[in-house]
Amino acid sequence: MKLAIKFIYPEVPIVNGENSLTKLAQKVSGKYFDKILPVESSSGANDGSEFVQAKKDFPIILVGPGNGSSHGYDEYVDISQYLTNIAYLKDVASQFVGVLASV
């Protein structure tokens, strides 16, 4: 058996991309949040950077609830933010694949 572990740091960046998924996510965000969510690049460690590293050609968005407490000993997210984000992501996903959400 041959085993290889490949660790890449820093993570592969997710480049600011304009595609059908990011445009839809922005459009739908106005329904759930106080502002239209921006499209930005990311260079941190996240699941999206792993997909980019795999060099597959599909759109990726990273979005989630949060505040200024991330990566701290007292990191938290409000339950209302969490639930709103779930509804938002379900809406985006169902529209992206052309299915009506059953919520």
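From a predicted model like this one, the values you see are computed outputs, not experimental measurements. Values below: all heavy atoms of this structure, side chains included; hydrogens, waters and symmetry mates excluded.
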I need the minimum non-hydrogen distance between [X] and [Y], along with the two atoms involved.
X: I36; Y: Q26; answer: CG2-O, 3.6 Å
X: P59; Y: N19; answer: CB-OD1, 3.4 Å
X: Y32; Y: T84; answer: O-CG2, 3.7 Å

### Query
Would one find more than 12 heavy atoms of other residues, nucleotides or ligands at under 6.0 Å from atom OH of Y82?
no
### Query
More than 12 foreign heavy atoms under 6.0 Å from CG of D34: is that the case here?
no
### Message
Contact between D91 and F96 at the side-chain level, heavy atoms closer than 4.5 Å - yes or no?
### Response
no
### Task
Identify the residue among L83, D78, V77 that makes a side-chain contact (heavy atoms from CB on, under 4.5 Å) with S80.
D78
Which pairs would a plain distance check flag for residues 60-67, meaning a side-chain donor or acceptor within less than 3.5 Å of a matching protein atom at least two apart in sequence or in another chain?
from : atom 1 : to  : atom 2 : distance (Å)
N67  : OD1    : S69 : N      : 2.8
N67  : OD1    : S69 : OG     : 2.5
N67  : ND2    : Y76 : O      : 3.1

### Query
So how far is it from S29 OG to L89 CG, rounded to the nearest 0.5 Å?
11.0 Å
